Amino acid sequence: MEKAANVTGSDHAVLQVCETLSTPIWVFDFDSTSVIWANDAALTLWGADNCADLASRDMFADTSPTVVQHLQNIRKHIHNGDRHSERWTLYPQGQPRHCFLEYRAINLDNSHDAMLVECTGQDLCSDNDTLRSTEALRHTSLMIGLYDNDYNLLYCNPAARPMLQDNTTNLRDRFANPSDWYHMLSEIKQSDQFVMEAFVNTATGSRWHKMHFQHSRDAVTGKWSLLVSESDVTQLHDAEREGYRLARTDSLTGFANRLYLQEKLQYMSANSDVRAGVIYIDLDRFKNINDSLGHSTGDQLLVSVARSIRQCTGNNATLVRLGGDEFLIMLEPVKNYEPLVELSNRIIEKLATPLLINNTPLRVTPSIGICIYPDDANSAESLLQHADIAMYRSKSEGGNQYHIFTDLMRKDVQDRLQIEQELSSAIEQQQFTLHYQARYSNDGTTIIGAEGLIRWNHPENGLLFPDSFISLAEETGLMDELGEWVLQEGAMQAAKWFREGRNLSVSINLSPRQFASSDFASKVEEVLRKTGCPPGLLELEITESMLINDIPHVAEILRNLHHLGVRTAIDDFGTGYSNLYHLQSLDIDCLKIDKAFVQSIDKPAILQMILSLGKMLKMNIVAEGIETPKQLDWLQRNGCHEFQGFYLAKPMDSSRFEALLNQTQRPATAPATKSTEANLACA
Ligand code: C2E
Ligand code: CA
Ligand code: CA
């Protein structure tokens with residue numbers, strides 16, 4: 001019998017004994033994964049001529065990863081001095097031999113890791129099914145364990161062994177979260193099998209396992225047992241968790257998103273002891289930044305704002321970006337408004353310092369709404385609504401402030417909602433009418449035109465002024481229809497007066513949307529044709545804000561109107577941000593000085609400047625809002641061309657206006673109020 005050269009060392013004597021034994025014994029080298037020594041009986045078992053022949057065989061050819069892992073496990077165990085025995089199916093030259101093997105560590109000189117394997121039984125008789133199932137159990141990557149009535153481990157397959165912690169023999173100790181253990185217990189009591197994903201303790205740390213529990217019997221004792229098959233789903237679980245997290249995160253700011261908030265609100269509704277404070281933030285005029293500096297700058301600004309908000313809040317605040325420039329902060333629990341107000345002030349203060357975006361300092365201000373659940377809202381849905389209402393109040397009062405929700409605010413909103421609904425039917429029901437305010441020539445007595453001002457004859461609330469419904473009509477899109485009606489009505493009136501021999505121009509106020517529509521000039525042309533209004537008797541008033549964006553488009557509309565012969569005026573001049581350079585190049589006939597300047601006649605610097613500017617640009621200058629003889633006198637002396645104001649004439653319905661025209665004298669009344677206008681109109 002030849003010996004492999006390197007099989008020497010302290011256990012050499014053992015091999016000498018083994019050589020004489022009739023049971024097959026061999027030495028397996030873990031490092032070279034080959035058999036490096038075998039006795040004669042083993043050579044026969046393996047069908048090898050000699051040790052060298054056996055040593056040259058690749059023992060791991062066609063071996064499943066589970067078995068490789070299992071061998072590593074055996075390697076570890078026998079090193080601890082353990083003996084190990086189990087059934088194996090060997091395949092000498094491809095033929096299955098069913099053996100019972102025992103292993104123990106052996107010391108070799110070359111410091112290789114090796115084990116002595118003894119085959120204590122061969123060709124154990126088992127039926128084919130048993131043989132196959134034993135093999136399947138050995139090779140499967142599914143980790144299978146059998147536990148007794150007290151949940152102590154009875155058996156586990158090779159795949160399960162490396163995963164089990166050395167000292168873990170009880171199933172209970174395998175659960176990282178005790179609640180999972182109790183959950184499993186209660187489920188498995190009720191049914192025959194149960195599947196769950198649980199965080200389990202393993203030899204390589206805590207992992208997520210998908211575990212299948214099944215009642216069964218121990219084949220040896222016949223007693224009740226629990227069969228557990230498990231697979232490691234940590235990767236999948238992590239990917240799912242990451243997917244879940246991403247679906248609830250705003251990718252731009254890293255804040256939570258609307259979906260997250262919805263789920264949180266649902267949770268709040270279901271739990272009665274929740275008290276949460278909400279701060280709803282909307283940035284003021286953020287659209288302007290997006291429009292003028294581009295979306296990329298807008299996005300960077302949002303990220304910076306989010307960072308500023310984060311710096312103001314503590315760690316226990318929930319930060320949400322609802323979308324666009326809307327953010328929400330939730331604080332829980334809160335006792336009162338104090339922490340919410342404090343935080344709102346901190347945010348307002350923080351944002352007062354411009355944020356540096358691409359080296360450009362940009363300043364955004366927040367409009368903030370505050371509300372507490374359940375004090376201000378009894379449902380999750382109304383909580384957001386009410387915070388939004390409070391925010392809207394801040395916005396409508398100029399922004400950069402906070403408001404705490406009150407019931408009165410909600411009533412205002414409800415009123416607005418009602419008006420909104422009524423507005424849509426009011427046009428059909430002909431509830432609108434135009435009042436006319438006279439425009440006087442420089443002599444202060446001759447009426448040369450009128451401004452058409454819309455009024456709503458509300459069936460219940462009486463005569464309504466435009467400031468109570470125009471902005472609403474703009475927001476809801478009804479202004480298109482309403483604006484068309486005003487234009488038509490005004491042109492019709494001018495045409496009627498013209499037919500009656502009066503050369504009176506009628507001024508009409510345009511809404512931004514109306515003016516921006518691409519076919520606006522052709523609409524005007526159509527109205528002129530239909531009504532027979534001479535183009536020169538129609539004047540269209542636009543505000544400075546309509547001149548800011550898309551100058552080429554605006555210039556074209558003004559040019560087309562000019563070609564039609566229709567006159568144009570800039571209303572409320574001096575309150576906006578007109579670009580004086582553009583002003584000289586646009587086809588505009590008239591500047592209407594805002595009443596604020598007229599009414600501060602004691603500080604006439606701006607008035608004087610607007611008058612000189614208008615004259616330089618060769619425009620007709622109209623002063624609005626004249627309320628006193630002193631104002632009229634000053635304007636007359638300083639060369640203003642035309643006048644309009646309560647001191648001269650209030651807006652009035654067309655029949656009263658005609659009566660006024662028939663009087664040659666101007667009415668020497670004191671300035672009227674809006675309510676007197678209402679009385680007049682109804683009279
Ligand atoms: P506006 O174009 O500046 O119209 C002048 C406003 O000043 C009118 O208010 C008028 O009644 C008021 N007013 C006239 N003289 C005096 C005065 O001496 N003192 C004071 N304090 N006020 C005076 P009104 O009719 O309430 O209209 C308010 C605004 O609603 C208008 O301001 C205009 O911007 C808008 N508006 C009115 N009618 C229409 C319309 O048909 N279409 C559109 N888009 N807007 C309209
Ligand atoms: Ca006007
Ligand atoms: Ca005006």
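All residue numbers in this chain count up from 1 along the given sequence. A quick note: this is a predicted structure, and the numbers were derived from the prediction, not measured.
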| task | May I have the step-by-step check of side chain to side chain donor-acceptor pair (under 3.5 Å) for Ser507 and Glu451, ending in yes or no? | result | CA-CA 4 Å; Ser507 304; Glu451 175 173 1; over 6 Å; no
| query | Is Asp376 reaching over with its side chain to a backbone N or O of Ile372, donor-acceptor style, under 3.5 angstrom? | reply | yes
| Would the number of heavy atoms belonging to other residues, nucleotides or ligands and lying under 6.0 Å from CZ of Phe498 be above 12? | no
| query | Does any N or O in the side chain of Asp589 come within less than 3.5 Å of the main-chain N or O of Thr568, such that one atom is a donor and the other an acceptor? | reply | yes
| Do Cys371 and Tyr280 have side-chain heavy atoms sitting under 4.5 Å apart? | no
| query | Does CD in Glu338 sit with more than 12 non-hydrogen atoms of other residues, nucleotides or ligands closer than 6.0 Å? | reply | no
| message | Assess whether a salt bridge exists between Asp415 and Lys411, defined as any Lys/Arg side-chain N lying under 4.0 Å from an Asp/Glu carboxylate O. | response | yes
| remark: One should read off an interatomic distance between Cys590 SG and Ile570 CD1, to the nearest 0.5 angstrom, of 9.0 Å
| request: Using modelled atom types only, decide if a donor and an acceptor are shared between the side chain of Asn638 and the backbone of Trp634 within a distance under 3.5 Å. | output: yes
| query | Are the side chains of Arg258 and Glu326 in touch, meaning some heavy atoms are under 4.5 Å apart? | reply | yes
| Within a strict 4.5 Å, meaning less than it, do heavy atoms of the Met391 and Ile279 side chains meet? | no
| request: Give a yes or no on whether a salt bridge exists between Arg439 and Glu624, defined as a side-chain N under 4.0 angstrom from a carboxylate O. | output: no
| field | More than 12 heavy atoms of other groups within 6.0 Å of Ile606 CD1 | value | no
| Do Arg455 and Leu464 come within less than 4.5 Å of each other through their side chains, counting heavy atoms only? | no
| Trace of the ring-ring contact (aromatic ring centres under 6.0 Å, His included) decision for Phe432 with Phe469 | CA-CA 11 Å; Phe432 291 104; Phe469 60 87; 5.7 Å; yes
| query | Between Arg637 and Asp633, is the closest basic N to carboxylate O distance under 4.0 Å? | reply | yes
| query | When you measure from the side chain of Thr406 to the backbone N and O of Met409, does any donor-acceptor pair fall under 3.5 Å? | reply | yes
| message | Would you say CD of Gln429 has more than 12 non-hydrogen atoms from neighbouring residues, nucleotides or ligands within 6.0 angstrom? | response | yes
| task | Answer yes or no: does atom NE2 of His458 have more than 12 heavy-atom neighbours from other residues, nucleotides or ligands under 6.0 Å? | result | yes
| said: Quick check on Gln584: does its CD atom have over 12 non-hydrogen neighbours (other residues, nucleotides or ligands) under 6.0 Å away? | reply: yes
| query | Got a second to check how far Lys395's NZ is from Arg393's CZ, nearest 0.5 Å? | reply | 14.5 Å
| Closest heavy-atom pair and its distance - His386, Ala377 | ND1-CB, 3.9 Å
| said: With rounding to the nearest 0.5 angstrom, report the CG to CG distance, Asn358 to Leu301. | reply: 10.5 Å
| query | With a 4.0 Å cut-off, would you call Glu475 and Arg513 a salt bridge? | reply | no
| message | Between Lys523 and Glu484, does any side-chain N to carboxylate O distance fall below 4.0 Å? | response | yes
| message | To the nearest 0.5 Å, what is the distance between CD1 on Ile329 and SG on Cys312? | response | 7.5 Å
| field | Under 3.5 Å donor-acceptor, Ser394 side chain and Ile368 backbone | value | yes
| Check: Phe327 and Arg321 side chains under 4.5 Å, non-hydrogen atoms | yes
| said: Could you walk me through whether Gln644 and Gln437 satisfy the side chain to side chain donor-acceptor pair (under 3.5 Å) test, starting with their C-alpha distance in whole Å, then the side-chain angles of each, then the deciding distance to 0.1 Å, before giving a yes or no? | reply: CA-CA 7 Å; Gln644 196 181 326; Gln437 184 176 31; 2.9 Å; yes
| query | What do you reckon, is NZ of Lys615 surrounded by more than 12 foreign heavy atoms closer than 6.0 Å? | reply | yes
| Check: His641 and Val622 side chains under 4.5 Å, non-hydrogen atoms | no
| Side chain to side chain, Leu356 and Thr360, heavy atoms closer than 4.5 Å | no
| task | Sequence neighbours left out, what pairs pass side-chain hydrogen bond (donor to acceptor under 3.5 Å, both in side chains) with at least one residue falling in residues 487-501? | result | Lys496-Glu500, Lys496-Glu658, Trp497-Glu658
